[in-house]
Structure formats: structure tokens, C-alpha cells
Amino acid sequence: MKVRVRFAPSPTGGLHLGGVRTVLYNYLFARAHGGDFILRIEDTDQSRYVAGAEQYILDCLEWCGLTPDESPVIGGPHAPYRQSERKAIYHKYAAQLVEQGNAYYAFDTPEELERMRQDHRKDEHTPAQYDHNTRTKMRNSLSMPEADVKALLDAGTPHVIRIKMPENVNIHLTDMICGEMTFDSGLSDDKVLLKADGMPTYHLAVVVDDYLMGITHAFRGQEWLPSVPVHVMLWEYLGWGKHMPHWAHLPLILKPDGNGKLSKRDGDRLGFPVFAMNWTDPKTNEVTTGFKEIGFIPQAFVNMLAMLGWNDGTGQELFSMDELISHFSVERVHKGGAKFDYEKAKWFNHQYIQKTDTAALLDMALPFVEKELGHTCDKEQLEKVIPLIKDRCTLLTDFWAQGHFFFRTPELVEKAAITDKWNEQKQQFFTTWSTALASLTEWTEQSLEASFNEHVAQQGIKKGEVMLPFRIMLVGGKYGPGVFAIAALIGKEETIKRVGAITG
RNA sequence: GGCGCGUUGGUCAAUCGGCUAAGACGCCUCCCUUUCACGGAGGAAUGACGGGUUCGAUUCCCGUACGUGCUACCA
């Protein structure tokens with residue numbers, strides 16, 4: 001049977017790291033088995049729906065190079081791929097479940113539900129939930145006379161459909177990651193399947209769509225483990241038990257400090273991105289920085305995510321997409337959650353920058369440099385700059401941070417380091433050398449250094465005394481590649497200008 | 001509270017009963033570099049706890065502790 005997997009996000013906001021990793025594992029699995037990778041949009045919660053989020057998810061997948069084979073925009077044999085457009089399908093199966101006696105109508109108001117929970121919280125032994133213990137005391141088609149139910153239904157009374165979980169069934173599941181698991185069906189509550197607004201909940205929709213779309217392997221986060229019994233029962237009730245996909249519950253990605261699931265807030269607090277790409281909240285216009293915009297190479301981002309919860313056992317950490325496809329195995333995914341380490345994430349990006357050639361880096365770095373420059377950048381100049389500074393670049397934004405002085409006269413941030421120890425001798429040195437530079441015929445790193453050395457000897461000054469001042473004149477601070485290489489690249493005029501700015 | 005899942009250095013982690021417990025990130029020291037990095041060489045730092053099983057447990061089993069997830073007409 002052909003492998004078919006799906007990523008099924010809700011279009012509610014930015015695409016989280018964990019979401020991208022789920023996509024990645026789906027994608028790797030599908031590619032390794034010659035299967036299909038489907039994108040399904042789970043937009044059943046109208047109150048949380050955010051305009052633009054669906055397109056944003058598509059953009060993120062494209063940036064990561066994880067494009068689906070079937071999706072709302074591409075289409076496919078099982079369209080529509082948006083759950084909001086599949087309402088009638090869910091209604092049909094919900095009705096079937098009621099018909100079979102595996103689900104029932106419930107008319108309880110939010111207040112009544114809250115009261116039930118309050119009452120049961122006093123009792124520490126039975127959970128405060130809508131289950132086989134409590135459903136007989138609630139207003140539903142199990143507890144009320146048939147005629148009353150019909151009357152309520154005919155009157156158009158708001159109601160939901162709930163699954164009737166059996167009281168004493170042991171539910172087994174063999175998870176590809178977690179292994180054998182057993183649940184007692186009576187401990188799960190009677191989850192709502194169809195909401196009062198006519199939309200299905202996740203529980204119904206995921207089962208119906210996974211079946212109808214022929215999903216063979218289902219990946220999702222471990223936060224879904226507690227609802228496994230409900231889903232397994234649904235597969236059984238609907239008569240599809242033999243077709244249930246193999247499950248793989250992925251470990252959670254945790255906060256770097258403390259504990260708990262990593263959230264967007266943690267990124268804001270600790271100063272790193274959590275979303276794949278910039279996300280602008282359409283209501284507040286608040287922008288949350290993404291990995292793309294902070295300067296990650298997509299391949300590095302994907303590689304880093306692949307290693308967050310999986311490794312091939314050999315110690316290899318750098319994998320191309322093709323290598324990931326051939327090496328990845330669900331069985332080697334960890335069960336335990338992993339704390340996200342931004343330093344390690346940056347290390348991956350640094351590795352990728354180092355192994356990428358200048359031509360490719362030119363394309364990657366250009367938009368970042370031009371954004372800071374405010375206008376188009378001289379590509380030939382950038383091409384010469386890249387080999388000089390790539391060693392010290394961790395993020396693509398560093399090409400500007402480490403190379404801005406090649407394109408623009410720098411602000412002398414560390415001017416004090418020169419002026420504090422300034423004296424007549426240094427003044428004399430730079431003034432005469434500057435004059436000599438004007439008549440220098442060959443302008444190369446070597447000729448510049450030779451000239452510098454010559455003047456140092458002539459003036460009887462220590463080279464160490466004037467190297468740092470020269471650097472700060474050129475760069476503005478105590479960093480950057482060799483000073484003569486910088487001077488060679490920025491040219492005679494600009495070099496003399498920068499020296500003159502200090503010496504007057 | 002109930003239920004599920006997890007637990008090897010600060011972090012990510014290897015190990016499928018023989019351990020003097022890999023490797024990576026980070027940290028520290030030194031070298032390189034008349035800057036800052038990169039790079040190179042070293043270093044500190046680990047099996048939650050208690051019982052079993054076994055000739056031998058980090059590895060298998062059971063408890064406990066801790067962590068985490070769920071406990072919505074959200075996914």
C-alpha cells in the first residue's frame with residue numbers, strides 16, 4: 001500500500017518550530033517510502049481562525065523546501081483539503097454514529113456543564129468530566145425520553161453530538177515511537193464530536209479525514225496521547241479499524257530554561273525566534289521575528305530541527321535533505337522531550353555558511369545587506385567581501401554586521417581607543433603615510449602592508465602602536481579581517497579619507 | 001486530584017548486559033592572530049533515588065521521586 005502522510009495545522013498564527021519539525025518528519029517519511037505528503041488545513045474553530053495564516057503556512061513550507069503533494073491550493077484526489085469546506089461529510093458520519101448508538105445528542109448549556117464540573121471537583125475520586133458517571137445526570141438523548149429529545153431537536157435547540165465512550169474496554173495502541181500503550185476507555189470523557197455551530201471538533205475531523213484521505217502513517221505531537229482512546233474508538237465505531245494509520249507521537253520541544261512546552265512567549269523573553277518566518281498579527285500588527293528573517297539558511301534550519309529528537313546513532317550531525325531522507329527512521333526518534341538550544345541552532349547555521357560557496361552566499365546575503373544599506377548593493381564588491389568575512393558569520397545578518405565598513409564609512413564607535421593614547425608621533429606617522437598613500441601606484445594588500453612597514457621603520461614607531469588605530473579608522477571598532485585587505489578593497493580614496501577623518 | 005508519557009554532564013545525546021560511559025553545543029585554559037572571530041590542542045562536567053533479576057547493570061523488572069502533557073463546543 002502506498003504511504004500517505006499529512007500535516008494538518010490550524011491556521012491560527014505563526015508556524016512554530018515544533019510544527020515545522022512535524023512537517024519535516026512527515027516529509028522525510030513520505031519521500032523515503034515513495035509516498036505522498038498532504039497538507040490539510042484544520043480550520044474548524046471559527047473563533048480562532050486568523051486571516052492570512054493559511055498562506056503564511058504555505059510560504060513557510062516553501063521556504064523550508066517541504067512542499068506538499070496535495071494541498072488546498074494544489075488540490076488532489078481528496079479535495080477539498082480545508083476542513084471548513086467538508087462540513088457535510090462530518091455531519092454524515094456524526095449522524096451514523098448517533099444512529100448506531102455510539103454517539104448522542106447533548107443539550108447542556110455552558111453553565112450546566114460548569115456546574116457539573118464544580119460539583120465533581122469536590123469529589124477527589126471521580127474526575128470532573130462528562131463521562132459514563134455523569135452523562136445520566138445531564139440533558140442528553142441518553143438520559144431524556146425520546147419524545148423530549150425529538151421536540152428539542154425539532155425546535156432547533158442548540159446541541160452537540162458526543163461520543164459515547166464505553167465503560168470498561170482496554171484500548172491498546174502500538175505507537176511507532178512510544179511503543180505499546182494501554183488505556184482504560186472509561187477514563188476518557190465523552191468528547192464533543194460535532195459542535196453547536198455545526199463544525200466538527202478535531203476528534204471527529206481527524207479520524208474521518210485520515211480515513212477518507214487514505215492516510216497510512218500519522219505523525220503528531222505527544223500532547224495528543226491522552227486523546228488516543230477517543231480516536232481509536234472512533235475508528236472502531238465507524239467500522240474502519242483495519243484502516244487506522246500507524247501512529248507516531250512526536251516528543252515535545254521544551255523551553256531552554258525551566259520546563260514546559262516552548263512557546264512564542266519564550267522566544268520573545270529569551271531573544272530567539274520560534275516561528276519559521278516573520279508573522280504579523282493581523283489584529284495588532286505586531287511582528288514576531290522568524291528564523292528566516294533573523295538570518296537562517298533554510299537547509300540549516302531544517303537540519304537543526306531534524307536533530308531535535310532524532311539522530312542516526314553515528315554521531316553525524318550535518319545532513320543534506322537527501323541524506324536525511326535516506327537516514328531518517330521513526331524508530332530512532334526519542335520518546336522524551338528536548339529543550340531547545342538556540343546556541344546550537346546558530347552553530348548549525350554557521351556550519352552551513354562555511355560550507356556554502358561564495359556565489360550561493362552572495363544570493364543569500366544580498367537581501368540582508370541591501371536592507372541595511374537602504375539601496376542596491378554593488379554585487380561585485382560583496383562577492384569580494386564574502387570570502388573575507390564568512391568565517392565570522394553565524395547568521396546571514398552578520399554579513400552586514402561584519403562587513404558594513406566595506407560599503408559605507410563606519411561610525412567610529414571605538415574612537416576613544418585611538419584618541420586616549422594619541423600623541424604627536426602617531427599624528428606624524430599617519431599624516432605622512434597618508435600622503436605617501438596618495439602616490440602609491442600599486443594598490444594591493446601586499447603593497448599596502450609593505451608601505452606601512454616602510455613608514456613604521458622610517459618614523460621609528462612601533463608597528464603595534466599604529467595597527468589598532470588604523471583598524472579603528474577603517475572599521476570603527478576592534479574587529480574584522482586584516483586591515484590591509486580591507487584598505488585594498490575599499491580603495492585609495494576611501495582609505496585616505498578614513499585616515500584623514502582622525503588625523504585632520 | 002485523575003490518566004498518559006518521560007528521566008545519561010548546563011544543553012542535545014551514543015550505548016541495544018562487560019564502561020577506563022562516545023560525540024556535539026556551551027563553558028574554561030593554551031596556541032594561532034600586532035583586532036575580533038575562525039581554526040588547532042587540552043580541560044572541567046553525566047547514569048534521579050531505592051529495591052530486585054544477573055557472574056556482571058547506565059542498559060531488564062518493580063516501586064518512589066521529579067519533570068511534562070492532557071483533563072474545552074482549541075487544536
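Lettering of chains follows the sequences in order, A, B, ..., and the numbering in each one begins at 1.
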Pick base, sugar-phosphate or nothing for [X], based on heavy-atom distances below 4.0 Å to the nucleic acid.
X         : result
Gly477(A) : nothing
Gly482(A) : base
Asp108(A) : base
Lys261(A) : sugar-phosphate
Ala338(A) : sugar-phosphate
Met199(A) : nothing
Gly336(A) : sugar-phosphate
Pro481(A) : base
Thr12(A)  : nothing
Phe183(A) : sugar-phosphate
Arg332(A) : sugar-phosphate

Using the test salt bridge (Lys or Arg N to Asp or Glu O under 4.0 Å), find all partners of Arg115(A) that sit at least two apart in sequence or belong to another chain.
none
With a 4.0 Å limit, can you tell me whether [X] has a side-chain N or O closer than that to the phosphate oxygens OP1/OP2 of [N]?
X         : N       : result
Thr44(A)  : rC74(B) : no
Arg117(A) : rU71(B) : no
Lys463(A) : rU35(B) : no
Arg471(A) : rC36(B) : no

For the side chain of Arg392(A) and the base of rC36(B), is some donor closer than 3.5 Å to an acceptor across the two?
yes
Hey, can you tell me if Trp433(A) and Phe452(A) have their rings parallel, tilted or perpendicular (30° and 60° cut-offs)?
perpendicular
Parallel, tilted or perpendicular for Phe484(A) and Phe470(A), by the 30°/60° rule?
tilted
Does any non-hydrogen side-chain atom of Met144(A) lie less than 4.5 Å from one of Tyr105(A)?
no
Nearest to the side chain of [X], which nucleotide is it out of [options]?
X         : options                   : result
Arg48(A)  : rA75(B), rC5(B), rU35(B)  : rA75(B)
Glu317(A) : rA24(B), rA72(B), rC38(B) : rA24(B)
Asp45(A)  : rU71(B), rC74(B), rA13(B) : rC74(B)
Leu225(A) : rG4(B), rG69(B), rA37(B)  : rG4(B)
Pro226(A) : rG69(B), rG4(B), rU71(B)  : rG69(B)
Met467(A) : rU34(B), rC25(B), rG69(B) : rU34(B)
Lys344(A) : rG26(B), rA24(B), rA72(B) : rA24(B)

Spacing between [X] atom [atom1] and [N] atom [atom2], to the nearest angstrom:
X         : N       : atom1 : atom2 : result
Gln402(A) : rU35(B) : CD    : C1'   : 11 Å
Leu262(A) : rC12(B) : CG    : P     : 13 Å
His231(A) : rC70(B) : NE2   : C1'   : 12 Å
Glu449(A) : rU34(B) : CD    : P     : 8 Å
His334(A) : rU68(B) : NE2   : P     : 20 Å
Lys335(A) : rU7(B)  : NZ    : P     : 7 Å
Lys339(A) : rG10(B) : NZ    : P     : 10 Å
Trp347(A) : rU11(B) : CH2   : C1'   : 14 Å

For [N] and [M], measure between their [atom1] atoms and round to the nearest Å.
N       : M       : atom1 : answer
rC12(B) : rU46(B) : C1'   : 13 Å
rC49(B) : rU59(B) : P     : 11 Å
rC60(B) : rC73(B) : P     : 40 Å
rG67(B) : rC55(B) : P     : 38 Å

Does a donor on one side chain and an acceptor on the other come within less than 3.5 Å for [X] and [Y]?
X         : Y         : result
Asn303(A) : Tyr352(A) : yes
Asn423(A) : Gln425(A) : no
Glu180(A) : Thr174(A) : yes
Asp45(A)  : Tyr202(A) : no

Is the base of rC38(B) syn or anti, if syn means a glycosidic angle within 90° of 0?
syn
Any sub-3.5 Å donor-acceptor pair from Ser320(A)'s side-chain atoms to Glu323(A)'s backbone N or O?
yes
Using heavy-atom distances to pick each residue's nearest nucleotide on RNA chain B, tell me which of Leu187(A) and Thr314(A) is more 5'.
Leu187(A)
Per nearest nucleotide of RNA chain B, the residue lying toward the 5' end, Asn311(A) or Phe107(A), is Asn311(A)
Evaluate the salt bridge (charged side-chain N to carboxylate O under 4.0 Å, His left out) criterion for residues Arg40(A) and Glu42(A): first the C-alpha distance (whole Å), next the side-chain angles of each, then the deciding distance (0.1 Å), finally the verdict.
CA-CA 6 Å; Arg40(A) 183 173 71 217; Glu42(A) 308 221 330; 2.9 Å; yes
Dot-bracket assigned to RNA chain B with the 3.5 Å Watson-Crick/G-U criterion, [ ] for crossing and | for other-strand pairs, is (((((((..(((.....[....))).(((((.......)))))....(((((..]....))))))))))))....
